[in-house]
Structure formats: C-alpha cells, structure tokens
**Q** 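What follows is a single structure, and I will ask about it in a moment.
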Amino acid sequence: MRRRVAIHGATEEALRLVPTLEADPDVEIVLIFDEDLDAARARWARIDPERARAGNDRLSDDPDAFERLRIHTVVDAARDFASLRPAAARGDIRVLSPLGARLLWGPVDQPRERQAELLRALREIVDSLDLSADADTVIERVLDVAMGATRADTGSVMLLDAEDGTLHVRHAVGIEPELWHKIRVPLGEGIAGRAAADGTALRVSGRADANAFQLVRERVDVEAALAVPLTHAGETLGVLNLSHHADPDALPESDLGFVEQLASLAGALIVRAREQDRYRDRAGRYDALHDLHAVLGDRTALLEERLQRLCRSLARRVGGGIVTLYLYDRDETTLRLEATSLSGGGFGGEYRVEIGQGIDGGAARDREPAWLRHASGRLAYAALPLVTADGLVGLLSIQTGERPNLLGSRPERALAEIASSAAAEVANAEREAKLATRATRISAMNELALQILRKPEPNEVIRQASGSIAMILECDHVILRLRDDTTGRFVIRSYYGPADGRQQERLFRLDQRLSGEVVKTRSAARHPDVNRDDLNRAIDAGVRSSLAVPLQRDGRVIGTIALYDKVPSDRFHSTVFGEEDLELFVQFSSYVERALAHAATRSRAVHSPGLDEETNLPDLNYLHRRVDEELARSGERGGALLLGSCRIENWAELREASRPEQLTRVLQRVAQSLARPLRGFDVLARSGECEFRFLMPDPEPAPGESVSRLAREVAEAISSDDSLNAPCRIALAFGYAVFPDDAEDRDALLRQAAAPRIRMV
C-alpha cells in the first residue's frame, strides 16, 4: 500500500523535497498546504517550474483537507501542524520534519557538521507513533546516515540470529549482495563478534590484531574501523560496522560517540520496524489465505478452473512468478500437472512427475518443502507438498518473480501456511468432485441395468452392455466373452472399440491371456500396467491398463468382461483404472449376470411350455428356479432377497357369483396391477388358482414399506374399476419374507411369504 503524504507549509525546503518523495514508489503526495496560496505557487514556480505546473492541483489553502483526505503522514515544514491542526494531529496522522522525511525516503550524504541535526531527525522518527518504512528500508537508511556523517568507505549492519548465536549481514555497502547471506560471524569472533558479545563499542585505528580479535581472515584493505552494538531495552540486536580503507585516523573518537548515539536510536527503529514487518506479514498471509479460501470455496466453478485461479493468484503474490499445481494420482503413484499460472495449456494432464524424481518429486516423497535461493539469498523456488491426515494430496511448485514481497518479509513461512491450507481445501474440493462424478456414474449404471434387464434376448443384453459401460467407465475397448457349452471355450461375443486389423488381433490375444487368469481365479483383476509381464509386452497390444471380471451363474463361470485403456473426457492420453473403477465394474458385472440369466430364462419360456394361459405369466416351476439362482447369487455377494405373495381371499365367493369370463378378467387385472410397480428384473409368477408370487432381488432397505406401497397401488387399481368389483368386491391378502432375515432357504421363504400380513379390499 502506498503511503499518502501531505506537506504542511510550502517552504523552499519542503518544495525541494517533493522530487525526492515522488521518486519513491511507496510514497504518494496528495496535498501541499499553505495559507498563502499565491506565494506558494510563485515560490514553487521559481524552484521547479515544470513540477509546479503539473502539481498545482495538489496545492491548497483549505485546512479541512487534512481531515477530508485519507492521509498517513504529514511533513511539517511550517513546524506548527500540531498547534494549528490539533484535531488532525490527534488522529492517525503521523508527523515528521522535512529532514526526517528525507532520512526515510531520500538519499543521505551529510557532512559531519550536521551530525546533531541528523540525530535530532532520527529521534523524531523514533518518537513517531508509526513507522513509514519496513525493516530493510530503516536499516539501509541508518547505514546511509552513518556513512554519510562519518565519511566511511564501507559499512554494514549485522543482526544477531538468536537461534545459532551468529551475526549475519542484513545490509552492507562495499560487500557484494551475493555474499551477504554467506557471511556468519559467531559471537566473540572478530571485531563485530567481540562488540556484540561484550555489548561495548570498539574503535580500531590501524590494522586489527588478529590474535586479540580472533580474526578468521585478516582485512588488509581496512585501516580504521568502528563496531558499535545495536541495542534496545538491554537486548543486543546486532552490530553497526564502519570502516575506512586508507586513513587510520579517518574515524576519530568524535565519530564513535556519534555512531553510539545513532546505534541507540537505530535499535529502537529496528525494533519498531520489525513490529511493523510482523503486522505486514500477518496481513499478507491473511490476504493470501482469504483469497485461497474464496477461490477454492467457489462451488459454482469446476475444480480445474478453481485450481487455475489459485495458481494465478499465488503467481501475483510472489512477484509475477510461475506457480504450478500437481495432484497426486493414487492409482499411478505419480504427480499429475493439474493447473498452472502460465498462459495456454490443454495438455497439462500429460505431464507427470514420478515420486522421488527431481526437486518436486523429492519433496513429495519426503513430505517436506524444498527451497532454492538466488545467490543473494532471496527465495527463488519452492516445492511445497500438499499433505493432509489422509496422506499426500499434491504439490505446489513456485518460482518467484523479481519482488516476491507481497507475502511479507518471510515468504517461506507464508508459503508453508498457504500450502497447509491449500492441502485441506484441495482435498475437500477433490473429494467433492469425485463424489459428484461417482454419483453420476452410479446413476448412469443403474439406468443401464434397468435397460439391459428388460432385454428379452441375451444378444441384446451383450450388445448394449458393451457400448454403455465403455462410456460410463470411459475406456477405449470392451471385450465380452461367453462360454460355449459345446466346446467349453470362452468365445468373444462382443467387442466395442476402435481397434481393427492387426491391432485388434493383438488385443484379442492379450484378452485371451488376461481373461484366462480371471476364469482360473474366479475373481476380478486390475492391471495398472499390463506390460509389466514380459509375455504381455511381447504381444504389444498397444494398451496400458485393464480391468477384467468373471461372469458367473449357479456357481460356475459363464464368461468374462474386460476393459482396456481408461481415457477420461478431460484427458488426451490413457490413464490407469483405479480401485473405484474396479468396484463399479464389479457391481455392473452383477447386473450383466442377472440380465443374461433373465433373458435366457425368458427366451426359454417363450419357446417352451411353462407359461400360464390366462395371465401369460411364468409358472411356479420357473419361480422356483429363479429363487434358487438369486439365493445362490445373494449368498455369494452378501445381498438380500424378498419373496412376496398376493392372494384373492374371497375367490370362492367370486367363483360362485361370477361367470368364467369375469373370473379370467379379474385374474388378468390383478396380474397387470402387480406387474406395473415391479422393477424390470423382478419376477412375477402365477403360483395357484387365485395366488401370485413375486421375487424382488436387492430390495429397498425397508422391505415392509415396499410391499405396503405395492399393495396400495394394486388395491387402488382394482377398486377403481366398478365393473370388476360386481357382483362383489375383490379382497386381496399380501405376504412377504426376506432372505436372510426371515429364512435362508427356498421352501422356508415360500412358506413364510404365504402368510398374510397386509389385507386390502
């Protein structure tokens, strides 16, 4: 945020300060006040005609402007701001003299004669309730003042690192910035280390004694030196060092006294500046975290779009750098490029980083951030693993720009906090996206199950199942094999995919091997990389991963379904089938098993005796076979089964009072009313003269409610036809039994289902 500065009193000194203040990018002059506006304009035109013409709109004689404008600092050139503008002075406005402003925001090259004035200006800054510069600017300013007032050739400000007890260079003149972060001086070692350890100022005239000061490296280019501790409230913060390369008497005792006073004031300034830095750091981290939560919390945007916005937001905060976000693919155990701040894109998902590969892969493997720095010590690169309690989520790769200071003076800490929050947010967003995708796929699969369970012929089941599962599970190839009862071989009955010619031949050879393994093990198999096996690699079918499941009936394998090469709609290359894909595929295979059994039975029923002539429903023998099949399947997969009955209770009364054609009509209407609410794969059969049985595999969680609802629908349909209920109304009784809760074998289920539980008239 730029500092909004007003000048109180358009004196010659203040007007000459304007170019200095305007040269600082962090300062904005919003007001120049003077009670004699004409004189101020004339004075400014004489001093700087061009700037006077451009800045005339900032000149004002309105005293209320100090309270109306949003002003942070007033440069009080008239020396009477507090007495003339007490209301403004009591607010948040900070007051500095022109010299104080020049010390903070302008170059300093002052002769020894102005040492007292310099100290007075620094005291003004210390006494100010606010500090208008960060710690680095204050330290740089203090060193400029010290060197300008003492005519030293070189100088440095070294701060004490309390953790390791060494002094390190924060700012220096005469030492290359690339070396600053490499210089570490232990307490008690060298002139600076001795001054910091003893808490006393040292003046050296001539070459320093290497033994007396424990010099690690003798400086032949230094003839005079001052080392003065920077202290505040009894705490040593660091050391201010000054030196001259040629004259042993260049830094006399009078300079030592000045520098000691300067160091005392500088200590207070540094403490104040550090407090301001902490406030700025907190504000920067808060803003960054607020943006992160706002971006990732926008549920109206797709996850990929939200991650893209996050990368661009972070790139701005690290000075226009480059930010890349990888997500961890648990199935492939690699980092997949998901979003980047770079323009363009579209092929990001094709870029993968193996765990342990390079800086990013190493950080992901170790679950620890990796930092790289420029020669100057400034942060250059960060690899930040995104980790939650559930494990690795992804990785943020950050290349900083020229000014990565929007995250405060300690970007590493800010970025670590951002990575921690981003990990939780990304994990939640990714979880929500996966749940939404899973719900969509399950819904599509259930709809497909209803469709194939209505197919009357096995060939129709096979054809629709192959094409639909390819779209639902996003794969390139589907191969379905069924056992030939004559030869005992598993023959390809359906292929869905783009392969043809030589590629199709190689794919079928691979499928023969993988399907054979499934038949032998009687269990599903997932191959993330089918080419790991040397024999499969030799086949060279041009596919990467596969899923295969057996199809079973009555305890024996009747076929297999295999999927090859998962290609999501948002990718340009094949990925790996995951555990969730396998789980859904196994569920789908159970629908195919049931649909094939249903279609085969229906086909046999159409072409063979066993249908009731009056209602065209299967007979009791067919129902028994289906109950046995579903009991076997439910027992293997741990499912449930409901067997229900519907009996016309007053059948004897109806038979005495009605003609034969009326009785037939009653039976047909009851059969139709029962069939309507049943699902496509449920079974309805006529089990007696006035009785019907229905079989419901995988019933709803509350079976009793399902049967009650069915009974109400049937009763409403029958009672709504007055002609059907003449000469007497029809009375219905419903019963049901559930496997395995009520009974565990067919006969017991049939007996319990026959007992009336619900009666309808």
Side-chain angles (χ1 to χ4, degrees), residues 453 598 611-612 614-628 630-631 634 639-655 657-658 662-726 728-761:
L453 285 165
H598 199 186
L611 288 181
D612 176 58
E614 289 184 295
T615 61
N616 201 33
L617 292 176
D619 59 13
L620 190 58
N621 291 329
Y622 171 71
L623 179 69
H624 287 176
R625 287 200 306 272
R626 288 306 313 277
V627 171
D628 291 339
E630 292 300 334
L631 283 174
S634 298
L641 182 69
L642 184 147
L643 185 62
S645 68
C646 174
R647 182 180 179 82
I648 304 175
E649 281 201 304
N650 58 341
W651 179 253
E653 182 183 357
L654 288 172
R655 190 167 53 189
S658 305
Q662 174 73 353
L663 293 175
T664 300
R665 185 165 172 263
V666 169
L667 289 170
Q668 290 174 345
R669 282 300 303 276
V670 172
Q672 292 169 2
S673 301
L674 280 167
R676 189 175 298 114
L678 293 177
R679 301 167 296 180
F681 51 86
D682 294 336
V683 177
L684 177 63
R686 186 177 179 184
S687 56
E689 183 182 11
C690 60
E691 185 183 64
F692 301 89
R693 296 293 181 105
F694 50 90
L695 174 65
M696 301 176 69
D698 296 328
E700 295 180 4
E705 294 181 8
S706 301
V707 177
S708 297
R709 187 167 56 249
L710 180 143
R712 285 194 300 271
E713 292 184 27
V714 173
E716 289 173 3
I718 298 300
S719 63
S720 64
D721 189 343
D722 292 336
S723 64
L724 200 66
N725 290 275
C728 57
R729 301 196 66 81
I730 300 170
L732 302 175
F734 294 84
Y736 66 90
V738 178
F739 168 86
D741 296 339
D742 296 329
E744 296 188 357
D745 62 78
R746 185 231 299 168
D747 293 337
L749 283 171
L750 289 169
R751 284 194 303 272
Q752 292 203 36
R757 295 198 190 191
I758 304 168
R759 286 184 165 84
M760 293 286 181
V761 177

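Fair warning: this is a prediction, and the values are worked out from it, not measured in the lab.
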**Q** Taking side chain to side chain contact (heavy atoms under 4.5 Å, CB included) as the test, write out the residues that go with A748, two or more places apart.
**A**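 In terms of side chain to side chain contact (heavy atoms under 4.5 Å, CB included), with neighbours along the sequence ignored, A748 is linked to A743, D745, R751.
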
**Q** At what distance, to the nearest 0.5 angstrom, does CG of L617 lie from CD of Q668?
**A**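 It comes to 10.0 Å.
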
**Q** The criterion is side chain to side chain donor-acceptor pair (under 3.5 Å); which residues satisfy it with E689, sequence neighbours excluded?
**A**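 Here the qualifying residues are W651, R655.
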
**Q** Quick one, E713 with S673, criterion side-chain contact (heavy atoms from CB on, under 4.5 Å). Give me CA distance, side-chain angles, the key distance, then yes/no.
**A** CA-CA 8 Å; E713 292 184 27; S673 301; over 6 Å; no

**Q** Just verifying a value: how many Å separate L710 CG and E705 CD, rounded to the nearest 0.5 Å?
**A**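 Rounded to the nearest 0.5 Å, the CG-CD separation comes to 13.5 Å.
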
**Q** Apply side chain to side chain contact (heavy atoms under 4.5 Å, CB included) to R746 and list each qualifying residue two or more places apart in sequence or on a separate chain.
**A**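 With neighbours one apart ignored, the set is H624, V627, D628, L631, L750.
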
**Q** Less than 4.5 Å apart, side chain to side chain, heavy atoms only: is that true for F739 and L642?
**A**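 No, too far: nothing below the 4.5 Å cut-off.
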
**Q** Mind checking the CG-CG spacing from L684 to L674? Nearest 0.5 Å is all I need.
**A**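 So the gap between those two atoms works out to 5.5 Å.
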
**Q** Kindly write out the residues that satisfy side chain to side chain donor-acceptor pair (under 3.5 Å) with S645, not counting sequence neighbours, or none if the list is empty.
**A**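 For S645 there are no side chain to side chain donor-acceptor pair (under 3.5 Å) partners, ignoring immediate neighbours.
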
**Q** Can you find a heavy atom in the side chain of R686 that is under 4.5 Å from one in the side chain of E614?
**A**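 In contact.
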
**Q** Salt-bridged, E716 to R712, with N to O below 4.0 Å?
**A**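 Here E716 does not pair with R712 in a salt bridge, since their nearest N and O are not under 4.0 Å apart.
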
**Q** Got V714 and M760 here, is their nearest side-chain heavy-atom distance under 4.5 Å?
**A**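 Result no, sub-4.5 Å side-chain heavy-atom pair not found.
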
**Q** Among residues at least two apart in sequence or on other chains, which ones pass salt bridge (Lys or Arg N to Asp or Glu O under 4.0 Å) with R709?
**A**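 Scan of R709 (salt bridge (Lys or Arg N to Asp or Glu O under 4.0 Å), adjacent residues dropped) gives E700.
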
**Q** When you measure from the centre of the six-membered ring of F734, is the NZ or CZ of R647 under 6.0 Å away and within 45° of the axis?
**A**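 Negative - R647 is either too far from the ring of F734 or too far off its axis.
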
**Q** Which is it for E649 and R759 under the salt bridge (charged side-chain N to carboxylate O under 4.0 Å, His left out) test, yes or no, and what are the steps along the way?
**A** CA-CA 9 Å; E649 281 201 304; R759 286 184 165 84; 3.1 Å; yes

**Q** Of all the heavy-atom pairs spanning V707 and I758, show the shortest one and how long it is.
**A**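 So the two residues come closest at CG1-CD1, 4.0 Å.
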
**Q** How long is the span from the CG atom in N621 to the OG atom in S687, to the nearest 0.5 Å?
**A**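 These two atoms lie 11.5 Å from each other.
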
**Q** Please determine whether side-chain contact (heavy atoms from CB on, under 4.5 Å) holds for the pair L641 and M696, giving the CA-CA distance in whole Å, both sets of side-chain angles, and the decisive distance to 0.1 Å.
**A** CA-CA 6 Å; L641 182 69; M696 301 176 69; over 6 Å; no

**Q** Kindly indicate, with the supporting measurements, whether the criterion side-chain contact (heavy atoms from CB on, under 4.5 Å) is fulfilled by V683 and F694.
**A** CA-CA 5 Å; V683 177; F694 50 90; over 6 Å; no

**Q** I'd like to check L643 versus Y736 (side-chain heavy atoms, cut-off strictly below 4.5 Å). Are they in contact?
**A**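 A side-chain contact is absent here, since even the closest heavy-atom pair is not under 4.5 Å.
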
**Q** Tell me the closest heavy-atom pair linking P756 and A733, and the distance in Å.
**A**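 Shortest heavy-atom separation between P756 and A733 comes out as CB-CB, 4.0 Å.
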
**Q** Distance only, no hydrogens: is a donor on one side chain within 3.5 Å (strictly under) of an acceptor on the other, for R665 and S723?
**A**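 A donor-acceptor contact under 3.5 Å links the two side chains.
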
**Q** Please lay out, stage by stage, how I648 and L667 fare under the test side-chain contact (heavy atoms from CB on, under 4.5 Å).
**A** CA-CA 9 Å; I648 304 175; L667 289 170; 4.1 Å; yes

**Q** Do D721 side-chain atoms and A717 backbone N/O form a donor-acceptor pair below 3.5 Å?
**A**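 Between the backbone of A717 and the side chain of D721 there is no qualifying donor-acceptor contact (under 3.5 Å).
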
**Q** Report yes or no: does D742 contribute a side-chain atom to a donor-acceptor pair with the main-chain N or O of L749 at less than 3.5 Å?
**A**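 Looks like no, no N/O pair under 3.5 Å.
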
**Q** Working to the nearest 0.5 Å, report the span between SG of C646 and CG of L732.
**A**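 Answer rounded to 0.5 Å: 5.0 Å.
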
**Q** Would you compute the distance between atom CG of D698 and atom CD of E630 and round it to the nearest 0.5 angstrom?
**A**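 CD of E630 is found 7.5 Å from CG of D698.
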
**Q** For R679, what residues pass the side chain to side chain donor-acceptor pair (under 3.5 Å) criterion, not counting sequence neighbours?
**A**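 Result, side chain to side chain donor-acceptor pair (under 3.5 Å) vs R679: D682.
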
